[in-house]
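A short write-up of the structure that comes next.
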Amino acid sequence: MAEGSQSAPEAGNDMGNDDAIGGNVSKYIVLPTGYCGLPKKGHLIFDACFESGNLGRVDQVSEFEYDLFIRPDTCNPRFRVWFNFTVENVKESQRVIFNIVNFSKTKSLYRDGMAPMVKSTSRPKWQRLPPKNVYYYRCPDHRKNYVMSFAFCFDREEDIYQFAYCYPYTYTRFQHYLDSLQKRNMDYFFREQLGQSVQQRKLDLLTITSPAGRWSW
């Protein structure tokens, strides 16, 4: 049982009830079945309501194991790969297994040694999990979908841990990078705005030529 509410299923989702998810989870507290009262240390809190976050649903399988459902791409409901979420309210030495259960790809670099990224409040630099703790396989319990499972041990109770498919590169970070290039006033770099996206984000057109005098013809 979990405290709080998760979003209603998306209209038109053809993946069935097991994968029907809506928006990202927001400070979603997972409580043991039959438990009443305030959350204790070790009752994990999941969150993905931040830029580039993706986690649509959490099911607790056992005391140590959780099934995680990721949301599909905005314009392609059949494509589900990216995940990025945080976990807090952990207990020191608490061991867990997270299963990303609704991947859409049959092939993945996770089968060839790639591993998810992790960082925490006190260790803000992204690191890869040990590949020996990561498994990518076809699971009969989830309609033979491909599942990526990884084992992890939380070691600092006050930290908030963040897990991601690979290094996140957000729209905001990209805009800051373009701003820094524009301030350099390079004669071979020109930036203009074409319009805005459906979500009211800037759509940039970049024109990049060669620096004057760099090439001789």
Side-chain angles (χ1 to χ4, degrees), residues 2-30 44-62 64-88 90 96-112 114-120 126-129 131 133-152 154 160-173 198-199:
E3 183 180 272
S5 61
Q6 291 178 314
S7 303
E10 289 181 331
N13 191 310
D14 62 354
M15 293 305 298
N17 291 333
D18 287 345
D19 296 299
I21 54 177
N24 281 325
V25 295
S26 177
K27 298 297 181 181
Y28 187 74
I29 307 170
V30 180
L44 302 184
I45 302 175
F46 293 82
D47 187 57
C49 281
F50 52 86
E51 188 176 16
S52 82
N54 187 6
L55 180 63
R57 176 175 145 194
V58 180
D59 291 348
Q60 187 170 17
V61 179
S62 68
F64 309 102
E65 189 172 1
Y66 301 80
D67 283 351
L68 310 181
F69 294 76
I70 54 179
R71 297 166 57 234
D73 280 8
T74 301
C75 296
N76 189 349
R78 294 180 178 273
F79 194 78
R80 301 173 310 281
V81 173
W82 175 256
F83 63 86
N84 187 5
F85 61 91
T86 63
V87 181
E88 58 187 290
V90 306
V96 295
I97 296 175
F98 290 149
N99 307 311
I100 310 291
V101 301
N102 62 336
F103 272 111
S104 61
K105 295 181 68 175
T106 57
K107 296 181 180 180
S108 172
L109 290 175
Y110 285 135
R111 303 177 76 172
D112 297 314
M114 192 175 94
M117 311 298 299
V118 62
K119 69 175 183 176
S120 69
W126 286 105
Q127 302 177 55
R128 289 201 182 276
L129 296 174
N133 293 345
V134 181
Y135 308 90
Y136 195 83
Y137 56 98
R138 201 165 192 172
C139 182
D141 293 336
H142 294 282
R143 298 197 308 279
K144 296 185 178 181
N145 283 340
Y146 280 85
V147 173
M148 190 274 290
S149 299
F150 61 92
F152 190 78
F154 299 106
I160 298 175
Y161 293 78
Q162 185 171 351
F163 301 91
Y165 177 85
C166 61
Y167 293 97
Y169 192 86
T170 63
Y171 172 84
T172 298
R173 182 179 175 184
V198 175
Q199 296 176 327

Report yes if some heavy atom in the side chain of [X] is under 4.5 Å from a heavy atom in the side chain of [Y]; otherwise report no.
X: W82; Y: P168; answer: yes
X: V134; Y: P116; answer: yes
X: R111; Y: Y146; answer: yes

For [X] against [Y], the heavy-atom pair lying closest together:
X: K105; Y: V81; result: CD-CG2, 3.4 Å
X: F152; Y: F154; result: CE2-CD2, 3.5 Å
X: F69; Y: N102; result: CA-OD1, 3.6 Å
X: S108; Y: Y136; result: CB-CZ, 3.6 Å
X: N24; Y: C49; result: O-SG, 3.8 Å
X: V25; Y: D47; result: O-OD1, 3.6 Å

Exercise for the section: With sequence neighbours excluded, tell me which residues meet side-chain contact (heavy atoms from CB on, under 4.5 Å) with T170. Expected result: E51, S52, T172, R173
Exercise for the section: Step through it carefully: locate the ring centre of F83, locate the ring centre of F163, and say whether they are under 6.0 Å apart. Expected result: no
Practice task
Answer yes if the ring centres of F98 and F46 are under 6.0 angstrom apart, and no otherwise.
Solution key: yes
Exercise for the section: Could you give me the CA-CA distance, side-chain angles and deciding distance for R128 and Y167, then say whether side-chain contact (heavy atoms from CB on, under 4.5 Å) is met? Expected result: CA-CA 9 Å; R128 289 201 182 276; Y167 293 97; 4.1 Å; yes
How many angstroms lie between [atom1] in [X] and [atom2] in [Y], if you round to the nearest 0.5 Å?
X: R138; Y: T106; atom1: CZ; atom2: OG1; result: 8.0 Å
X: Q60; Y: L44; atom1: CD; atom2: CG; result: 7.5 Å
X: D59; Y: Y66; atom1: CG; atom2: OH; result: 11.5 Å

Exercise for the section: Name all residues meeting the side-chain hydrogen bond (donor to acceptor under 3.5 Å, both in side chains) criterion together with Y135; count only those two or more places apart in sequence or in a different chain, and write none if there are none. Expected result: none
Exercise for the section: Verify the distance criterion only: is there a donor paired with an acceptor across the side chains of N99 and D67 at less than 3.5 Å? Expected result: yes
Practice task
Applying side-chain contact (heavy atoms from CB on, under 4.5 Å), run through I100 and Y165 and close with a yes or a no.
Solution key: CA-CA 10 Å; I100 310 291; Y165 177 85; over 6 Å; no
Practice task
Apply the test side-chain contact (heavy atoms from CB on, under 4.5 Å) to residues F50 and Q162: give CA-CA distance (whole Å), side-chain angles for both, the deciding distance (0.1 Å), then the verdict.
Solution key: CA-CA 11 Å; F50 52 86; Q162 185 171 351; 3.7 Å; yes
